[in-house]
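The structure appears right after this line, and notes come after that.
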Amino acid sequence: MNGSWSWRRSSFSDAAGNQCVEVAWTGHDVLVRDSKDSAGGRLAFSSDSWGRFIASADEAGAVSTFR
């Protein structure tokens, strides 16, 4: 998957940028990457799968910032 997407960083990142993920919307899928290794691997999720993940995180009491 190659492209120029707008990546959004998790609000849970610390000031040093540690323990952080970023997400991007491709128009079809949601991509997730490690912010410390932006050239590294990415996970791709369908929009339906991502929506179920966010709903599950909300139900568990986690704050979801990637809607």
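Just so it is clear, the structure is predicted and the values come from calculations on it, not from any experiment.
The two residues W7 and R42 make their nearest non-hydrogen contact at CZ2-NE, 3.6 Å.
Looking at H28 and S47, their side chains never come closer than 4.5 Å, going by heavy atoms from C-beta outward. At a threshold of 4.5 Å between non-hydrogen side-chain atoms, the residues L31 and W5 count as touching.
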- Verdict with reasoning, F45 to V32, per side chain to side chain contact (heavy atoms under 4.5 Å, CB included): CA-CA 8 Å; F45 299 91; V32 180; 3.7 Å; yes
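Considering only residues two or more places apart in sequence or on other chains, S56 meets the side chain to side chain contact (heavy atoms under 4.5 Å, CB included) condition with none of them. V30 pairs by the side chain to side chain contact (heavy atoms under 4.5 Å, CB included) definition with V23, W25, W50, not counting sequence neighbours.
Here SG of C20 is found 10.0 Å from CZ of R33. Values are rounded to the nearest 0.5 Å. Here the CG atom belonging to D29 is positioned 11.5 Å from the CG atom belonging to L43, to the nearest 0.5 angstrom.
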